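A quick write-up on the structure given underneath.
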Amino acid sequence: MTALMNPRIALLGFSIECNRFAPPATEADFAGRTLLSGAAMLEEARSAAPRMLAELPGFVADMDAAGPWTPVPILLAMAEPNGPVEHAFFAAMMAQWESGLRDAGRLDGVYCVLHGAGLTTEEHDPEGVMLTMIRRIVGPEVPVVATFDLHANVSDAMTRTIDAFIGYRSNPHLDMRERGAEAAQLLRRLLGGLRTRIAARRLPIVPPTVAQLTGADAPERPYGELIDLGQQRMTEAPYAGKVLNVSVMGGFAFADTPFNGLTAVVTATDAAAAEGLAREIAEAGWSRRDRFAASLTPLEEAVRLARGTAEPMAAKLIFADVADNPGGGGRGDTMWILQAFHEAGVRDAIVGVIHDPPLAEEAHALGTGAHFTAQFNRTSLGGEFEKPFHAPATVRALHAGDVRGRRGIFAGSTIDFGPMAALDLDGITVVVASRRVQCADPAFLEALGLGIGAARVVVVKSRGHFRGGFDEFFRHDQVIEVDAPGLTSPILSRFAWKHLPRPVLPIDPETTWSPE
């Protein structure tokens, strides 16, 4: 096959993980992260520290290295995980994507940066709606490839409209740039005449977020085993040479869609190979069904462990506030752990990142060294689990907000936190920010001059991506996942599900499944 010379490739994207129980996401949420069109998309993708996640930079870099091509950038909308997107804003973006495709003239291919767990206030499957529109505009012969977060909930529209489905394989997410590059490589093969088939098999399993680790050293990794199985089997008979990609999507429970469920998606040149391997992975997933469970540490026990770090020879610990993860739509402002640790007299601790714009603004107005009463959650930001907390504090450090990530999911990216402050609360240093971002990278604390290695206790508002950033300080056996209230609690029985297919594990023990 001979690849097309100087192909014209449309670039567009919609990337947000939506928690149905969180307040709606607005245009401002995208503008505060990545909302770029036209040449600005390419300029940012090619920059040294882009403000977007790494799929598009990886795609563009691989295409640039392969030879002449003509990118046709339309619109990339990317935001921190949040509630459903306001439908009117999504409709406006749809109009921009559609007009951009129609005005582009001849297109040889399309690349979409997607998440796969999006919602709008009126639509369960905005990615499927978007892909259906793209296929209608470009026709059946133009190849369309898309990358997805491994927390995607896979709808039928997602798989029937594209030619290659490429999901992340790493959780914490460390391979986004590589998946963008893989999309470029597969697209060039499609431009050379390759034809594909996609098969998907969904299981009645909605894995809790803490049960979706992939690292070889993770304490429990049934999900990682499925991803490893797919990568191994695609190189073996009868799939070798036929299977182009295997993506095992863990899904995102809090989207609460009719198509939630762990799903194996296989892109191949042969329909039988795609169907066969998707079924094989689904059967392997079902055999591991009892291992997709959350095992959290009660808050009272977490307090005891935190106090114990002061003992001679005790190991340092990192506590994950998994129920208030901004990376899953949590508001980043619950006080359960901070208040309990403060009242228990925990010292040599760092807590971050708390989303509290009024408090950050007040700290900046007072200045470094000021003593005052820090009032957390004095105004509601829309979180049902917010409660006020106040304590004497000293402003230890201030920061304007732009931080360049150095490890994990945000490595090499620029993140804007808005005004930030480090407040000393009787030996607990609390990092407060004006924009809501999960604490997945030590750089977010180091930007305020904090020495993570010197702390006995670190508390992060993050579900699991912190493992890819803080692993230079903490091993897996030093991680404590705390059971506290919040919008992203891995205890799924606590939520009032409306659309989730039932019965489903781990919520309904009576759930059954057959590969037939």
Side-chain angles (χ1 to χ4, degrees), residues 1 3 55 58 62 109 111 114 116 143-156 158-171 174-176 178-205 207 212 214-216 221-251 259 261-289 291-292 513-516:
M1 295 180 290
E55 301 100 302
D62 197 90
Y111 171 53
L114 301 176
V144 179
V145 301
T147 47
F148 295 86
D149 190 295
L150 58 72
H151 293 111
N153 299 312
V154 182
S155 71
D156 293 342
M158 292 180 193
T159 56
R160 72 167 181 257
T161 53
I162 62 179
D163 298 281
F165 185 110
I166 300 164
Y168 302 171
R169 301 202 298 262
S170 173
N171 189 31
L174 305 175
D175 65 334
M176 297 174 294
E178 288 79 3
R179 300 289 73 77
E182 181 182 353
Q185 293 155 18
L186 258 178
L187 180 56
R188 290 197 296 272
R189 295 181 66 184
L190 290 161
L191 294 172
L194 184 73
R195 291 296 176 261
T196 58
R197 299 290 185 271
I198 297 177
R201 281 292 188 109
R202 183 183 304 121
L203 288 169
I205 300 173
Q212 295 186 40
T214 64
R221 54 186 304 277
Y223 179 57
E225 291 169 8
L226 297 181
I227 291 178
D228 294 347
L229 175 64
Q231 297 309 299
Q232 174 187 332
R233 293 291 289 129
M234 69 182 288
T235 65
E236 300 172 344
Y239 306 119
K242 300 176 182 178
V243 172
L244 306 171
N245 179 274
V246 180
S247 296
V248 185
M249 301 288 99
F259 45 88
L262 184 126
T263 305
V265 185
V266 179
T267 302
T269 58
D270 178 84
E275 291 285 352
L277 187 49
R279 171 174 171 156
E280 185 176 329
I281 295 169
E283 290 176 333
W286 186 248
S287 72
R288 291 165 170 78
R289 61 191 178 276
R291 295 168 59 195
F292 289 104
W513 177 79
S514 168
E516 303 305 327

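The structure displayed is predicted, hence computed values, not measured ones. Side chains are part of it too, since the values below use all heavy atoms of this structure and drop only hydrogens, waters and symmetry mates.
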Report task. For atom CZ of R197, decide whether the heavy atoms of other residues, nucleotides or ligands shown that lie under 6.0 angstrom number more than 12. Result -> no

[X]: which residues meet the salt bridge (Lys or Arg N to Asp or Glu O under 4.0 Å) condition with it, sequence neighbours left out?
X	answer
D163	R135
D156	none
E182	R169, R179
R160	none

For the pair [X] (side chain) and [Y] (backbone), establish whether a donor and an acceptor sit closer than 3.5 Å, ignoring hydrogens and angles.
X	Y	result
R233	I281	no
T214	N171	yes
R289	I205	no

What heavy-atom pair brings [X] and [Y] nearest, and what distance separates the two atoms?
X	Y	value
A164	I198	N-CD1, 4.0 Å
L187	G109	CD1-CA, 4.4 Å
N245	G167	OD1-N, 4.4 Å
T147	A183	CG2-CB, 3.9 Å
G261	N153	N-OD1, 4.5 Å

Residues in side-chain contact (heavy atoms from CB on, under 4.5 Å) contact with [X], at least two apart in sequence or another chain:
X	result
A181	D62, Q185
R288	P222, E225, L226, A284, R291, F292
A152	F148, M249

**Report entry** Heavy-atom side-chain proximity of V144 to T161 below 4.5 angstrom
**Finding:** no

**Report entry** R201 side chain near P515 side chain, heavy-atom distance below 4.5 Å
**Finding:** yes

Report task. Would you check, one step at a time, whether the test side-chain hydrogen bond (donor to acceptor under 3.5 Å, both in side chains) holds for E55 with Y168? Result -> CA-CA 10 Å; E55 301 100 302; Y168 302 171; 2.4 Å; yes

Query raised in the report: Got a sec, which residues hit ring pair (Phe, Tyr, Trp, His ring centres under 6.0 Å) with Y223, two or more places apart in sequence or on another chain?
Result: none

Query - Between CG on residue L150 and OG on residue S247, distance to nearest 0.5 Å - result: 9.0 Å

**Report entry** Atom pair CG (L244) and CG (L194), whose distance is rounded to the nearest 0.5 Å
**Finding:** 5.5 Å

Give the table of side-chain donor-acceptor pairs shorter than 3.5 Å for residues 268-277, with sequence neighbours excluded, one pair per line with atom names and distance.
{"unit_1": "T269", "atom_1": "OG1", "unit_2": "K242", "atom_2": "O", "d": "3.3"}
{"unit_1": "D270", "atom_1": "OD2", "unit_2": "A272", "atom_2": "N", "d": "3.0"}
{"unit_1": "D270", "atom_1": "OD2", "unit_2": "A273", "atom_2": "N", "d": "2.8"}

Quick one: list whatever passes side chain to side chain donor-acceptor pair (under 3.5 Å) with [X], sequence neighbours left out.
X	value
R221	D228
S155	D125
T267	none

Report task. Would you sort out whether L229 and V248 count as a side chain to side chain contact (heavy atoms under 4.5 Å, CB included), showing the intermediate values? Result -> CA-CA 10 Å; L229 175 64; V248 185; over 6 Å; no

Requested in this report: Any chance you could lay out the side chain to side chain contact (heavy atoms under 4.5 Å, CB included) test for F165 and V154, step after step, and finish with the verdict?
Outcome: CA-CA 10 Å; F165 185 110; V154 182; 4.0 Å; yes

